[in-house]
Amino acid sequence: MRTVTVIVGAKWGDEGKGKVASSEAKDADIVIRGTGGANAGHTVIYQGKKLALHLIPGGITYPQTIAILGPGMVIDPKILLDEIQMLKDAGVPDIDSRLKISGRAHLIFPYHKDLDELHERMKSNPVGTTKRGIGPSYADKANRTGIRMYDLLHKKNDLRTKIKEATKLHNQAFRKNGMKDCVAKPKSLTDLYHSYGKLLSSMITNIDPILREALEENKKIVVEGAQAFRLDLDHGDYKMVTSSNPSTSGTLCGCALPPTAVKEVIGIDKAYNSRVGNGVFPTEQPASIDENGCVIPGAEPLVGDVIRESGYEYGTTTKRPRRCGWMDCPILVSGKSIMGYTSLCINHLDTLGKIGLTLGYVKVCVAYQYQNETIDYFPDDVDLTKEVPQPIYETIDGGWIIPPGITSFDELPESAKKFISIVENTTQIPVKFIGIGPENDDLIIRDVN
Ligand code: IMP
């Protein structure tokens, strides 16, 4: 039986994957993450308390779940230990026995964060990374100088040798670039990481037998994707991407799960779109943000500001104001074959209604004008042509207010229904989930099969 539900971001991250993840995890046996590290961030509510998680799947708050950090992740152990403590302090039960960390997952060291800073500084057109050391850790992994969770369980001397080897070239780069303070010291790093290893040792394991048994017993597995389609290293807007493959197949690889076990792939999107970091964003609206990504105080609000403030679009991880714009359907169309969506979730339908009430209209991009042609997908060669696809919009007059307490699609205001039907007609992907408010339960679930 196919029992795996994959939840993936359909644009540039921050689509609100946590809401559907939480809904799906209610009756899940296993919740698992497979890519990225503490560059992701989502907030879960446990017994009325807001908990900000960057590494651990949010489904851990359901006490029947086993939560797994998959082998494709890059893990900062200090952040992980803080998260574990936060969950314990909040009263989430049995963390030590329910949290499993793949021994094959790679570690993030302080020098990865310093290298992230250095690489960005050296680029004429920086990516705008989260500076969490994600790219440098994946680069070490690809260079075969990465250090894995398993290494924390090995003899201290072996760990020291590995850190020494891994940092040889990095230390040269720090010295050459006037970053002497960042030069890694293998002895003290070994002591520190060895102590992290002691605290995490009971959770570091081979996750394969756990997953094999779960698949054999038809247990429900929920994959909580991180980042999103357009940030995928191979399929996104290279080079303005992350350093892993958060597409569906990349996420499955990072979780050590087979594609043949997948039952559903839910692409998560928002009723408007947003992006942090740099890169092409065809439906972006002008905003009062300076070149460093800071809001200009006192400036006249522009359309992008109205969207950002209505949805409170500020990074969970970096607190950066997000760039904001209208819903982009061609990107969803491009994602159909690569991501394999069986359905979509459109979050923030309530927020879009409020934006419409403020501006007097809302827009949906249904196609692009690109190289003198009308196309319904995201072009592959934008980096080469340097031409930003020009959105072709459908406009809906006015906005809407979602009546409190509604649970079905039929109860939505007519213009809100019209918005959803434009997305469905343009993309030919059913919208199964609709987010209509900030709480986890503010979610309409439709029978679209
Ligand atoms: P990195 O993943 O920190 O290397 O950053 C690469 C790009 O991905 C930057 O534009 C980041 O802002 C973006 N990014 C990484 N993780 C997330 C996320 O979870 N949400 C939104 N953007 C992200």
Side-chain angles (χ1 to χ4, degrees), residues 7-19 21 33-44 52-58 72-76 79 83 106 108 112-123 125-142 223-247 250-251 254 267-270 272-281 284 289 291-294 308 311-325 331 347-348 383:
I7 294 161
V8 277
K11 296 283 165 63
W12 294 280
D14 311 314
E15 298 92 352
K17 294 179 274 292
K19 183 176 277 202
R33 237 189 95 176
T35 63
N39 47 350
H42 59 273
T43 307
V44 291
L53 294 172
H54 297 281
L55 292 165
I56 300 175
M73 288 186 71
V74 283
I75 297 172
D76 184 326
I79 296 180
E83 272 182 27
H106 279 245
I108 295 210
H112 290 128
K113 293 182 213 169
D114 296 329
L115 284 168
D116 208 346
E117 193 89 41
L118 176 62
H119 292 164
E120 283 284 89
R121 192 158 24 104
M122 291 179 93
K123 283 184 180 127
N125 199 5
V127 178
T129 72
T130 58
K131 311 265 172 68
R132 296 296 191 268
I134 306 297
S137 177
Y138 278 121
D140 277 2
K141 171 177 168 174
V223 174
E224 292 189 17
Q227 289 84 45
F229 170 43
R230 295 309 307 167
L231 291 175
D232 187 280
L233 184 57
D234 291 307
H235 312 301
D237 311 333
Y238 194 82
K239 62 181 190 176
M240 301 304 176
V241 291
T242 191
S243 307
S244 66
N245 289 108
S247 54
T251 302
I268 314 293
D269 203 350
K270 278 189 292 213
Y272 55 87
N273 288 161
S274 70
R275 180 169 194 171
V276 279
N278 301 325
V280 176
F281 180 1
E284 180 176 14
I289 295 180
E291 65 283 1
N292 299 316
C294 298
R308 187 187 63 243
Y312 194 70
E313 290 294 341
Y314 291 86
T316 324
T317 300
T318 59
K319 310 286 177 246
R320 285 181 288 183
R322 297 178 183 140
R323 300 157 64 196
C324 291
I331 292 180
N347 281 321
H348 278 286
D383 197 43

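Each ligand, and each atom within it, is numbered from 1 in the order the structure gives. These figures come from a predicted structure and were not determined experimentally.
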Review point. Given that the side chain starts at C-beta and the backbone is N, CA, C, O, which of these parts of Val276 lies under 4.0 Å from ligand 1, counting heavy atoms, or is it both or neither?
Key: both
Review point. At a 4.0 Å cut-off, with the gap strictly under it, does some heavy atom of Ala226 reach an atom of ligand 1?
Key: no
Exercise for review: Determine, using heavy atoms of Gln227 and all atoms of ligand 1, whether some pair is separated by less than 4.0 Å.
Suggested key: yes
Check your understanding: Do Asn39 and ligand 1 have an N or O pair less than 3.5 Å apart?
Key -> yes
Check your understanding: Between the side chains of Gln227 and Asn39, is a donor N or O closer than 3.5 angstrom to an acceptor N or O?
Key -> yes
Review point. For ligand 1, is any non-hydrogen atom under 4.0 Å from Arg320's backbone (N, CA, C, O), its side chain (CB onward), both, or neither?
Key: side chain
Check your understanding: Looking only at N/O atoms, are Asp14 and ligand 1 under 3.5 Å apart anywhere?
Key -> yes
**Study point:** Qualifying residues under side chain to side chain contact (heavy atoms under 4.5 Å, CB included), relative to Val276, sequence neighbours excluded
**Key:** Asp14, Arg320, Arg322
Check your understanding: Would you say Thr242 and ligand 1 have an N/O pair spaced under 3.5 Å apart?
Key -> yes
Practice item. Select the closest option to atom 23 (C) of ligand 1 among Leu231, Ile134, Asp237, judged by heavy-atom distance. Key: Leu231
Review point. Looking only at atom types and distance, does a side-chain atom of Glu117 sit under 3.5 Å from a main-chain N or O of Leu115, one as donor and one as acceptor?
Key: no
Review point. Under 3.5 Å, N or O to N or O, is Thr130 touching ligand 1 that way?
Key: yes
Check your understanding: Is any NZ, NE, NH1 or NH2 atom of the basic residue among Arg275 and Asp237 found under 4.0 Å from an Asp or Glu carboxylate oxygen of the other?
Key -> yes
Check your understanding: Under a 4.5 Å cut-off applied to non-hydrogen side-chain atoms, are Phe281 and Asn273 in contact?
Key -> yes
Study note, to complete from the structure: Heavy atoms of Val241 and Val127 approach each other most closely as O-CG1, 3.9 Å
Revision key, fill the gap. Trp12 heavy atoms within 4.0 Å reach ligand 1 at atoms 21 (C), 22 (N)
Review point. Where's the contact between Val241 and ligand 1, heavy-atom distance under 4.0 Å: side chain, backbone, both or neither?
Key: backbone
Revision key, fill the gap. Sorted by chain and number, sequence neighbours left out, ring-ring contact (aromatic ring centres under 6.0 Å, His included) with Tyr314 holds for Tyr312
Exercise for review: Kindly state whether the ring of Tyr138 and the ring of His106 have centres lying under 6.0 angstrom apart.
Suggested key: no
